[in-house]
There are 2 protein chains.
Amino acid sequence: MASIHEVAKAAGVSISTVSYALSGKRPVGESTRARVAEAARRLGYQPNAGARMLAGRRTQLLALTAPLHAETSAPAHMAFVLAVATAARRYDYDVVLLTEDEASGGLSRVTSSKLVDGIVVLDVAVNDQRLDLIRELGIPSVLVGVPADTAGLVCVDLDFETAARLAVDQLANQGHRSIALLGDPHGIYQRGSNFQQRFRDAFSTRVAERHLDYTFVESSQNPVELRTSIDSLLSVVPRPTGLVMQCAEPSQRAALEHLAGRGLRIPADLSVISATSTFDTSQLSPPLDVIPLIPEESSGRAIELLMAALEGPLDPMVELIPPRYVVRDSVAGPPTGTDPVTVNH
Amino acid sequence: MASIHEVAKAAGVSISTVSYALSGKRPVGESTRARVAEAARRLGYQPNAGARMLAGRRTQLLALTAPLHAETSAPAHMAFVLAVATAARRYDYDVVLLTEDEASGGLSRVTSSKLVDGIVVLDVAVNDQRLDLIRELGIPSVLVGVPADTAGLVCVDLDFETAARLAVDQLANQGHRSIALLGDPHGIYQRGSNFQQRFRDAFSTRVAERHLDYTFVESSQNPVELRTSIDSLLSVVPRPTGLVMQCAEPSQRAALEHLAGRGLRIPADLSVISATSTFDTSQLSPPLDVIPLIPEESSGRAIELLMAALEGPLDPMVELIPPRYVVRDSVAGPPTGTDPVTVNH
DNA sequence: GCCGTTGATCGAAGCGCTTCGATTCACGCC
DNA sequence: GGCGTGAATCGAAGCGCTTCGATCAACGGC
């Protein structure tokens with residue numbers, strides 16, 4: 001509750017000296033600085049946020065726009081929201097959460113009332129309605145994700161195309177000739193969620209380049225449908241010997257489960273790679289090779305860029321974070337002809 | 001970008017008149033009010049947030065503190081965060097997100113810098129470290145959840161005790177004499193998440209009151225462990241004929257799945273109730289009877305109370321929202337002796 | 001020894017809004 | 001006809017901070 005005046009009085013200096021001593025925007029004598037710092041500490045001084053916004057040019061607040069459809073794969077979203085908030089704090093920024101219905105209205109509101117210094121856009125759709133607004137708002141903004149039209153935008157994301165290639169190549173290099181991709185449920189592609197589409201498309205492109213047999217199936221929350229999908233995968237001829245799972249954690253768990261039930265040993269009978277997963281695959285059985293999607297990484301980089309944009313205009317760009325391939329115990333060469341597999345039915 | 005001065009000039013009045021015309025805090029002539037409103041609209045006037053905070057006594061900002069441990073059952077949390085933000089907007093409030101590590105530090109910061117008018121506490125632990133701080137902060141606050149010590153606090157939550165009783169009674173009244181509860185994974189109880197404990201404890205109390213045989217097992221993310229738990233449930237003598245699932249959606253799905261695999265028909269062989277679920281159980285097979293936990297309800301009420309607290313001090317209280325029981329197709333009487341069940345092994 | 005310099009500090013002007021008197025004007029009453 | 005009354009409007013004082021000159025003292029060079 002202490003104001004800058006009280007700190008000034010306690011330290012025996014003027015309020016402007018307090019301001020400079022605390023912000024470091026002008027040199028202040030060492031002893032003075034120490035006295036001010038001590039007084040501020042002792043009084044528990046916290047600059048009034050409103051006054052700061054009004055007088056300064058920074059509000060120390062960021063807008064975080066994340067639709068957060070209750071249905072969407074929430075765990076991953078949550079991790080991103082969390083990561084953005086945490087990263088922002090490293091720069092002394094707090095985050096104002098803008099959701100769903102308010103997506104566009106909220107952005108104009110917090111922008112024109114000068115509540116926030118910048119915007120982080122999460123859960124970017126391929127054709128996102130928020131983007132035109134972002135473009136015309138002219139306020140520093142960074143997207144985590146890559147929409148169809150990136151003109152005038154700063155985007156950060158994992159390089160899903162490379163990730164897809166990495167997955168394909170890993171299997172191809174081990175000698176697999178027939179591979180499969182277990183993607184997300186239909187609704188996710190349909191909704192235009194950007195990265196799943198990018199991954200899937202790059203995957204099929206790479207598979208063609210490597211001249212592999214390729215099967216794509218969508219997963220499902222419904223275990224019966226999921227099993228049907230997996231069964232249909234396994235009945236493809238030639239049977240896929242490599243599987244990439246790019247879907248939510250429960251689906252990956254359920255898929256492993258079902259594969260085990262079908263008598264398939266991983267990696268002896270089937271090599272499996274978990275792709276763009278935000279969870280810990282070392283806890284699965286077997287621990288899966290994984291190309292992780294690390295929310296802290298993309299979000300952290302997004303905040304870095306946003307902070308740079310606050311200093312001065314940034315050129316539009318799309319920054320893709322190189323994926324990593326983590327080896328565990330789920331990939332090997334394809335089963336040899338002399339070691340035929342029995343698939344339970 | 002228009003300021004109140006420009007609106008005043010455009011409408012040919014003083015800035016104070018603009019302020020009163022827009023806020024309605026003093027009577028303004030009808031024609032004047034119309035002119036002001038029109039000018040504001042035409043100029044796209046949005047009051048400067050900082051100036052408002054500084055001059056007024058409201059910041060129109062709420063702190064939302066939600067640990068959001070990345071591991072915790074995220075989907076439900078997300079829904080609550082979303083619901084709070086949405087409810088706040090109905091009162092023209094925005095929400096500043098405070099997470100994890102920052103839980104306490106963040107609260108002091110946004111409070112003493114007068115950034116926020118009030119606090120919503122989510123994901124309350126039985127013994128939550130944030131609560132002492134909340135108590136001494138003396139700023140309007142509402143918890144969604146009920147901690148062990150509610151002294152001096154305003155809490156809102158579903159009445160989990162009644163929900164538990166409702167579930168037990170529903171089965172007991174149908175004639176079931178042996179029932180089981182499939183709870184959350186061990187870690188959740190251990191972490192002190194409040195409502196799961198309350199539900200479990202009330203459940204066992206009620207079961208004793210109704211003189212039923214009772215089995216409790218924890219669930220697991222790991223499908224193998226989950227199945228083991230369920231198997232151990234089913235081998236209890238007398239075999240439970242009623243099951244209440246109070247765990248995350250994937251576990252409920254997996255459990256149903258496994259039960260079907262074991263050859264148990266629902267509700268013919270086993271009656272099942274889904275409790276405190278935030279998802280749509282009508283999409284499961286079979287559609288489950290459910291005692292829903294509705295984030296919009298608790299969060300909405302929390303915001304209502306918080307708004308009341310902003311008007312004037314509220315007496316500490318614990319407001320429990322009565323649960324509802326939704327009938328679908330998963331509960332019937334216990335199997336009769338003449339209709340013995342074969343359980344696959 | 002005087003002046004220009006430089007570094008440290010201060011004073012004051014806002015930032016854009018809310019809010020509290022004060023003012024103005026039209027009206028009706030004695 | 002003067003005055004009280006009340007509604008409508010205005011002016012100005014902050015809210016607590018940042019920031020831009022201005023001031024001041026100490027110092028070295030001539």
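Lettering of chains follows the sequences in order, A, B, ..., and the numbering in each one begins at 1. The structure displayed is predicted, hence computed values, not measured ones.
Base engagement by B/Ser19 is indicated by at least one non-hydrogen atom pair under 4.0 Å involving a base atom.
Look at A/Ser14 and you won't find any side-chain N or O under 4.0 angstrom from OP1 or OP2 of C/dT9. Applying the 4.0 Å criterion to OP1 and OP2 of C/dT19, one finds that B/Lys25 has a side-chain N or O inside that range. OP1 or OP2 of C/dT9 sits under 4.0 Å from a side-chain N or O of A/Thr32.
Sequence order on DNA chain D of the closest nucleotides to B/Arg33 and B/Lys114 puts B/Arg33 first from the 5' end.
You won't find any donor-acceptor pair under 3.5 Å spanning the side chain of A/Arg52 and the base of C/dG16, going by distance alone. Under 3.5 Å, the side chain of B/Arg26 and the base of C/dG21 form at least one donor-acceptor pair of N or O atoms. The base of D/dG11 sits with one of its N or O atoms less than 3.5 Å from a complementary donor or acceptor on the side chain of B/Ser16.
Computed from coordinates, the B/His5 NE2 to C/dG16 C1' distance equals 7 Å when rounded to whole Å. A straight line from CZ of A/Arg35 to P of C/dA8 spans 14 Å, rounded to a whole angstrom. Regarding B/Leu115, its CG atom lies at a distance of 14 Å from the C1' atom of D/dG16, rounded to whole Å. Distance CD1 (B/Ile15) to P (D/dG11): 10 Å, rounded to an integer number of Å. Rounded to whole angstrom, the span from the CD1 atom of A/Ile4 across to the P atom of C/dA12 amounts to 16 Å. Taking atom NZ of residue A/Lys9 and atom C1' of nucleotide D/dC17, one finds them 18 Å apart after rounding to whole Å. The CE atom of A/Met53 sits 15 Å away from the P atom of C/dG16 (whole-angstrom rounding). Distance, A/Leu22 CG to D/dT18 P: 8 Å, rounded to whole Å.
For the segment residues 37-48 of chain B, the set of residues with a heavy atom within less than 4.0 Å of an atom of DNA chain D is empty.
Between the side chains of A/Ser14 and A/Thr17, at least one donor N or O lies within less than 3.5 Å of an accepting N or O. Donor-acceptor pairing under 3.5 Å is recorded for the side chains of B/Asn194 and B/Arg198. Side chain to side chain, B/Thr59 and B/Asp117 meet the donor-acceptor criterion of an N or O pair below 3.5 Å.
Distances from the side chain of B/Thr17 to the nucleotides D/dT18, D/dC10, D/dG14 place D/dC10 closest. The nucleotide whose nearest atom lies closest to any side-chain atom of A/Tyr20 is, among D/dC20, C/dT18, D/dT18, D/dC20.
Applying the 6.0 Å contact sphere to CZ of B/Arg324 captures no more than 12 heavy atoms from other residues, nucleotides or ligands.
Note on B/Arg109 versus A/Asp94: salt bridge recorded, some NZ/NE/NH1/NH2 to OD/OE distance being below 4.0 Å. Using a 4.0 Å cut-off between a side-chain N of Lys or Arg and a carboxylate O of Asp or Glu, A/Glu38 and A/Arg41 qualify as a salt bridge. A salt bridge is absent between A/Glu311 and A/Arg57; no separation between the charged side-chain nitrogens and carboxylate oxygens falls under 4.0 Å.
You'll find the side chain of A/Phe80 stays beyond 4.5 Å of the side chain of A/Glu296, heavy atoms only.
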